[in-house]
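Only one structure is covered here, and it is reproduced in the block below.
Predicted model only: the values in this text are computed from it and were never measured. Within every chain, numbering begins at 1; the chains are lettered A, B, ... in the order of the sequence lines, protein sequences first and strands thereafter.
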Amino acid sequence: MTKTKYNVTIKDDLCKGCELCIEFCKRGVLARSGDLNVQGYDYVRADETKECSGCQACTLVCPEVAIEVNGE
Amino acid sequence: MTKTKYNVTIKDDLCKGCELCIEFCKRGVLARSGDLNVQGYDYVRADETKECSGCQACTLVCPEVAIEVNGE
Amino acid sequence: MSGNHAFGEAAIRAGCTCYCGYPITPQNELGEYMAEHIASAGGVFIQSESETAAINMIIGAAAVGARAMTSSSSPGVSLKQEGISFLAGFQLPAVIINVMRGGPGLGNIAPAQGDYFQATRGGGHGDYRTPVLAPASVQETADLTAAAFDIADSYRTPVMILGDGMLGQMKEPVVFQEPVKDLPEKEWALRGRGEGPSRYMASLILDVNEMERHNWELVRKYQEITKNEIRYEEYMLDDAEIVAVAYGTTARIAKAAIKRVRKEGIPAGLLRPITLWPFPKQPLVELSSRVKSFIVFEMSTGQMVEDVQLSLEGRSRIQFHGRPGGVVPTPVEYARILYREYHLMKKSRA
Amino acid sequence: MSGNHAFGEAAIRAGCTCYCGYPITPQNELGEYMAEHIASAGGVFIQSESETAAINMIIGAAAVGARAMTSSSSPGVSLKQEGISFLAGFQLPAVIINVMRGGPGLGNIAPAQGDYFQATRGGGHGDYRTPVLAPASVQETADLTAAAFDIADSYRTPVMILGDGMLGQMKEPVVFQEPVKDLPEKEWALRGRGEGPSRYMASLILDVNEMERHNWELVRKYQEITKNEIRYEEYMLDDAEIVAVAYGTTARIAKAAIKRVRKEGIPAGLLRPITLWPFPKQPLVELSSRVKSFIVFEMSTGQMVEDVQLSLEGRSRIQFHGRPGGVVPTPVEYARILYREYHLMKKSRA
Amino acid sequence: MKQLSKWPKYYKKDVITHYCPGCGHGIVHRIVSELMEEMDLGKRALCVNPAGCAVLAYKYFDIDVIESAHGRGTAIATGVKRMKPGLFVFTYQGDGDLSAIGTAETIHSANRGEHITVIFINNAVYGMTGGQMAPTTLLGMKTTTTPSGRNPGRDGYPLHITDMVAPFPGVIYAERVAVNGPAAVTRTKKAIRTAFQVQEDRLGYSIIEVLSPCPTNWKMTAKQSFDWITETMSKEFPLGVLTDKRPKTGNGGGR
Amino acid sequence: MKQLSKWPKYYKKDVITHYCPGCGHGIVHRIVSELMEEMDLGKRALCVNPAGCAVLAYKYFDIDVIESAHGRGTAIATGVKRMKPGLFVFTYQGDGDLSAIGTAETIHSANRGEHITVIFINNAVYGMTGGQMAPTTLLGMKTTTTPSGRNPGRDGYPLHITDMVAPFPGVIYAERVAVNGPAAVTRTKKAIRTAFQVQEDRLGYSIIEVLSPCPTNWKMTAKQSFDWITETMSKEFPLGVLTDKRPKTGNGGGR
Amino acid sequence: MLVKIIFAGNGGQGVLTMGNILGNAAMNEDYHVTYLPSYGAAMRGGTANCTICVSDEDIASPVASEPDYVVALNPPSASAFGNKLEPGGQLIYNSSMKGKMPVRGDIDFYPVPANEIARSAGSERSVNVVMLGAFLKLTGLVKLESAWESVEYLMGEKKKLVELTKKALAMGYEGFPFPGDES
Amino acid sequence: MLVKIIFAGNGGQGVLTMGNILGNAAMNEDYHVTYLPSYGAAMRGGTANCTICVSDEDIASPVASEPDYVVALNPPSASAFGNKLEPGGQLIYNSSMKGKMPVRGDIDFYPVPANEIARSAGSERSVNVVMLGAFLKLTGLVKLESAWESVEYLMGEKKKLVELTKKALAMGYEGFPFPGDES
Ligand SMILES: Cc1ncc(C[n+]2csc(CCOP(=O)(O)OP(=O)(O)O)c2C)c(N)n1
Ligand SMILES: Cc1ncc(C[n+]2csc(CCOP(=O)(O)OP(=O)(O)O)c2C)c(N)n1
Ligand code: SF4
Ligand code: SF4
Ligand code: SF4
Ligand code: SF4
Ligand code: SF4
Ligand code: SF4
Ligand SMILES: [Mg+2]
Ligand SMILES: [Mg+2]
């Protein structure tokens, strides 16, 4: 069987840029976008090039339910 | 030296006739008077004939500071 | 039966299933009656840790649709003021009984009427009003308790019953209404969202415009209540030239006084407000067209007299006679006053 | 400096050595100011576990002669009502600040004037009154805070200051009085019996006749206060044909409105009660001899308007304009109303 | 002639109290008055009396007294002591006053370690108001608000508030005693003396819980209520020192 | 494709909360919402929300909610549960709400063993009102009302109210947890699940204290506040089960 | 017609029971009745009293600042309430107990050796009903039979107590008036 | 004359400081001044604003339902408060941040690349004062010098910060007007 790939989707507008997800992502998948969302926060973006392990650390610590991680 | 004699004085009008002093007097010095005081209670009287040991049990338990025990 | 017991029995028959209270003289027998009897009627008695807790337990019970009641006496009622303001904000029905005693502070446990302002002006914060009912006999404590629950439910508002130590303690014969069966469902009550949308009850309305709308909505409700619920008793008013205004215990005494002076041909009468808020302004206005002298009797230093002044707007002469601090005036005392006033009037006419 | 800070600084300079309070918006900065500054002035700050505890700590401090103060906002002030009644019963001086917000219930944290009844009628139980001061600028918060302590001491009564969220939060320049030195001894204060006879403070007076005497003694004191302490501001009244009555924030807005309409030749003026109790009845009565139209502006659904009615007893037409819920009306809005009213008057005259 | 017992200096002379026959309040009043004299505290003492049967304590104690709103005694005492640290300040409170409506004030004054002393009269009922359930009422005990006995499912369990505050760092001394016999009275006096001394030594908060008879509402004779304290009440509320954090007493630090 | 994380059914869809970045309330909200779904409670749940930063919880939880006056949550919950035992009733309260102004309601509802669950968010400050001292504020900690740090002599000591109620017979389960990392969040969810189950099993009262970050008033970044909980706060408030009186769990009877 | 009576004595002497028996009896004879007990702190220290008003029309105030009758079960109450009596009022007192009596020439004194009678009726504890019996005889306010009925109604199940109480009532009733000890 | 200004942005962007600096400066130029911050729950979620009124006579109300000027440090505040502007009002906004702008023809827009300027002034954190500088240039409400003085008064001891702030103020002032990106 092939090892599953994980997609990380961020709901830009919910993010408050607290960076907790970034802190707890061991794979460095997540980073600030440099952009501001509707709330005026520099929200987080997932780096396609990095490989997500599906560990869920980010979703567990995110106070805003802004992250979704799905595996194929 | 002669052994001290103790006098027990009751302030009739303060007594509420709760009988606690009577209960705790091992010498049976105290008893109801059969009379009513200003409060309308059957107050306690000390029996001259009985011998008080000066143990203070009565004064300790009296809620009304109605008893005085003195030794000569 | 005593007034305190009558409050309790009437509440149970009115379908009150939640009584929460904290002991305080002179209304202890009310809570004790509930402790003994409400359970067998399927209700719950909770002796709360404080009056503050009691009023908040009532809020919870009312929020899920129960007919809920709490009772206390003056100092304890002061502690309920925040909760009463919340009931008003939530628009929740509940009955609060105040068996008044002498004040301020601990005061004493004798009958008094010093909490009229607190009850009618809202001792709590914010723009709200509570209907206030004032019984004058044990029978009426029973009748008005039933009425209080109905008013509370139909307008979704806390209702206060203002008694005093005498009414609470005295025993008189009393006839109760039949226990009410199946009260109407309260669709607004919280019951868990079930299959429907979730709902909430909140008095916090951060948006000032929404809050203002809410405040005016309350005002409209209070206008409705004022239109429909005013109650009062007229006693020997038809030919009255002097009218006493008194509620509760003082009204009883005034009646006796009026009987006396009537024997001596003095045309005195009584207007007894039964609802203190809304206050029976109209009947007073009408009377003022022909009655030139009103005497307000209170067991206080003068509180309801303001409502009489507001009603009459200077149209007639208003006298006040108050006995605060738990002193219960005598019929003779009142009679003397009516008598004096009448002769003054005659003189001034001549 | 903000109104909340001005309250605090003025209190410290007035010799307040005990501040106890519990946080609540919009007056948190007041407590925070005290936490930071009262100690260096030799005073004590206590963040109490609740508003109820705070008012009782104040009672203790006042009983031993300290100048003591507590502050809160609407819901918190409701929780202090029992304590205020005790202060009145004990005849203890203390200052209670209410920085009002929208209500009832949690309401919101915007400026409102919905606690007028509670403050002026005694939200607590029993027959008592509290002097109530209403500042309209940051400068006046400072001045009236000082005045409040003096009134409290000279009559041995709790004094209330009624502000609102806007006054508390806004910053304006302010000049403070010099810190007071050595306040007069309070011989009545408890200090341990020492060599003298023991003394006590009790609001419990079981004997109804004694209690009644006490109640009338309080009334006499309140009459004294009414005689000596009434404060108000007259603004452009000399030739006014329309008089606005407003206090605090709404009075500021009314002034601006009056300026506007004056430009268009409309003879409007303002009477601003500074003491809400005792209420400036006399000046209104005098005005009513020539002024036929009064407009009461409040940020509530109508509370002070009752005092205006009680003062005028139907002598003049009284209009009410209220914006509850935290809405702050604009000068334009008030101007429009004055304008309309003036033209109505002219018509009705013609 | 030597006088074994005499009228306490700070107890009003030959006063007739309003207490019922056999009431424990009278005994504790006498003890406190005696200590006022023996520890020379009377002249600078201030007692905060409760709403409860002891609401009239100021008619008996011959020291300065201020009444409190029901349950607020320790808040008032806090205001007093903070303003006048030189005064000796103690509250005298019943179980309803202290552990029902006054719960928050009791716990937070203790947690602040206010330099006050609390005399806590636990008689397992609301005496003043006619014998309703108190937080301290025993399970199964009949009161006017628990006519068929206190039922934990409906009414909860006896509350041990002294045990709850004893562990607080600011609570220097806490002991539970009783006044149901000569020896017990003597121990109670010793305990209150210690508690008073803690305040005098500026160490912090001290509280003495006194199991005290209420014959009227217990519907017992005075003697029966003394025995009931021994046989029943002290089983639920065991006597003893609950904490003693006085320096170098060997057993500091409480339980 | 398997969905590892999804929007909780009982959390309002794509709602933007008013919480500050990194606030613990959001994390606990999500956990509670997930459990409402996983334990199938949402339809008959009633949440009592506090006066505190969570005062707007009803805008997020997609279940029935009633607001409470500051500190009175458990009294309201008592009224609700006694009238409608079929409802699942929980309060969501901050440390000021629950352990300051609400002290009496908290203690007596626990002592009555009401069948309710209390979610106690301990962030060591009054968040809503701008960071004043709370009963839970640590010694030396600077807040807007302790500008030079909490001083026990003036301000008292950190109050451990969960430990105080844990011994009550009616308190079936009490645990202190934190939400300062993925593992901690998972443990917190487990604890709340247990507490909810206690109510479902009609056993009695359950309370979960959650050490929760308040970056704004702690003047830290979200990550710093996570670390501060580990390094400092949990030293004063040790994590763990404070009582577990569930039948046949072997370790019943609590501490 | 309006009659105001105050029953007074120690707590425990059964003063409130007297009031209940009379009040109930009067009610059954279709009078308007109010009953007002002393309450609260007044209980403490063991004095108790209650006020009964009986009338053929509405009763304004259940308080009796100047009662027509005072029935005092012990000397302290006799002096306390005896002094409140209307001029011409009547004081029925328990002469088994010695103590100060009010000194008034404008009221009538009726001694009742209630303790002795009660003892002979079978129990010291029925002093209260003995006094009530005497009161009924003096005033004829309600029939002895009505009083009996309300005793049965109020004490219901407890048969022995009922019998004893009725007996004591009767003895107080029949025996009245009793020789005064002071001439 | 009466001028009402609203400063708005994220919490943490130093909006209240802007208000304090301007308010203080205006006060020193003997104007009547009121300063009203947003407070309480409004804090949460990190938006903040304050209203400054400057006048040569008493100021009635410190609220500005329809301000004359809005200085917006981020797009959300620009759209929120831009829509409240009086017709003919002026919106000074931070053009370094992209986002929706209010669509109104009846107000003037003044872009200020505040982040860039602040950075070049030495610290991103002085975006607020840069914007304030621009505002002063546009309105001439108070002299730059008065603003400098109040910076010194308010930040007192912290010398470095004072210098930095004054520099940023000046750069915002001198640089204004800035080329708009949208034509
Ligand atoms: C706010 C308020 N609530 C209730 C009361 C009535 N009250 C007075 S004392 C008391 C309780 C007395 O019981 P406790 O404190 O145990 O003292 P005890 O009489 O038993 O010595 C109550 C409920 C009151 N005075 N004030
Ligand atoms: C009676 C009353 N007092 C005070 C307040 C103001 N107030 C609202 S929330 C709060 C405390 C918030 O702190 P906490 O309970 O710890 O919740 P947090 O915001 O920290 O989550 C206060 C003091 C109020 N709303 N009502
Ligand atoms: S944890 Fe959530 S809110 Fe915080 S930065 Fe990451 S996605 Fe945004
Ligand atoms: S699931 Fe794990 S690896 Fe993937 S983004 Fe989240 S934290 Fe990083
Ligand atoms: S103990 Fe005191 S009150 Fe009781 S009977 Fe003896 S003397 Fe009287
Ligand atoms: S002192 Fe002892 S012996 Fe003497 S009377 Fe008292 S108890 Fe009895
Ligand atoms: S009721 Fe109980 S506590 Fe109160 S005085 Fe009587 S015996 Fe003492
Ligand atoms: S103030 Fe603290 S608790 Fe409140 S929302 Fe912000 S971070 Fe959360
Ligand atoms: Mg007790
Ligand atoms: Mg908190």
Side-chain angles (χ1 to χ4, degrees), chain C residues 16-20 22 38-39 42-68 70 79-87 89-90 92 94 124-125 188-206, chain F residues 9-12 18 33 36 41-52 55-89 91 101-112 114 116 128:
Chain C
C16 170
T17 53
C18 182
Y19 172 90
C20 307
Y22 188 82
I38 197 171
V44 171
F45 164 86
I46 307 176
Q47 184 178 316
S48 55
E49 58 271 31
S50 70
E51 291 84 356
T52 313
I55 190 76
N56 283 283
M57 291 173 177
I58 293 304
I59 290 176
V64 292
R67 281 195 155 185
T70 184
L79 292 172
K80 296 181 192 287
Q81 292 306 323
E82 184 202 25
I84 294 172
S85 174
F86 271 80
L87 281 166
F90 286 141
L92 283 176
H125 61 283
W188 51 261
L190 298 180
R191 58 178 68 79
R193 60 175 294 180
E195 301 307 328
S198 64
R199 299 181 302 171
Y200 65 86
M201 271 182 204
S203 68
L204 180 83
I205 306 179
L206 286 174
Chain F
K9 178 171 168 199
Y10 293 106
Y11 205 52
K12 286 181 180 161
H18 69 293
S33 310
M36 286 290 122
L41 298 171
K43 292 200 176 69
R44 56 192 176 80
L46 196 146
C47 168
V48 181
N49 77 6
V55 68
L56 295 177
Y58 61 83
K59 293 198 171 178
Y60 314 135
F61 289 135
D62 207 359
I63 59 175
D64 280 7
V65 178
I66 179 170
E67 161 197 289
S68 62
H70 189 35
R72 317 306 175 190
T74 52
I76 291 182
T78 297
V80 168
K81 188 71 176 186
R82 294 285 190 114
M83 287 297 100
K84 295 269 182 272
L87 290 181
F88 179 85
V89 183
T91 68
I101 194 171
T103 304
E105 288 76 9
T106 302
I107 283 172
H108 287 275
S109 57
N111 185 53
R112 286 191 305 269
E114 298 293 342
I116 60 175
M128 174 76 160

Distance from [X] atom [atom1] to [Y] atom [atom2], nearest 0.5 Å?
| X | Y | atom1 | atom2 | value |
| --- | --- | --- | --- | --- |
| Ser203(C) | Ile66(F) | OG | CD1 | 9.5 Å |
| Asn49(F) | Tyr200(C) | CG | OH | 11.0 Å |
| Leu46(F) | Arg191(C) | CG | CZ | 11.5 Å |
| Glu49(C) | Thr78(F) | CD | OG1 | 7.5 Å |

State whether the side chain of Glu67(F) and the backbone N or O of Leu204(C) hold a donor-acceptor pair below 3.5 Å, judged by distance alone.
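Yes, because the side chain of Glu67(F) sits within donor-acceptor range (under 3.5 Å) of the backbone of Leu204(C).
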Contacting moiety of [X], where chain C heavy atoms sit under 4.5 Å:
| X | result |
| --- | --- |
| Ser68(F) | backbone |
| Ala45(F) | backbone |
| Leu87(F) | side chain |
| Phe88(F) | neither |
| Lys12(F) | side chain |

Identify the heavy atoms of [X] and [Y] that sit nearest to each other, and give their distance.
| X | Y | result |
| --- | --- | --- |
| Tyr58(F) | Ala202(C) | CE2-CB, 3.7 Å |
| Arg193(C) | Gly42(F) | CG-O, 3.7 Å |
| Asp62(F) | Ser198(C) | OD1-OG, 2.6 Å |
| Asn56(C) | Ala75(F) | CB-CB, 3.8 Å |

Which residues share a salt bridge (Lys or Arg N to Asp or Glu O under 4.0 Å) with Glu114(F), sequence neighbours left out:
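So Glu114(F) forms a salt bridge (Lys or Arg N to Asp or Glu O under 4.0 Å) with Arg82(F), Arg112(F).
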Interface moiety of Cys20(C) toward chain F, non-hydrogen atoms closer than 4.5 Å
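Interface part for Cys20(C): neither.
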For Ile58(C), is it the side chain, the backbone, both, or neither that has a heavy atom closer than 4.5 Å to a heavy atom of chain F?
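Interface part for Ile58(C): neither.
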Partners meeting ring pair (Phe, Tyr, Trp, His ring centres under 6.0 Å) with His108(F) (sequence neighbours left out)
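For His108(F) there are no ring pair (Phe, Tyr, Trp, His ring centres under 6.0 Å) partners, ignoring immediate neighbours.
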Heavy-atom distance under 4.5 Å between the side chains of Glu105(F) and Thr52(C), does that happen here?
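Answer yes - side chains close enough.
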Any heavy-atom pair between the side chains of Leu56(F) and Leu206(C) that's under 4.5 Å?
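Counting from C-beta outward, Leu206(C) and Leu56(F) do come under 4.5 Å.
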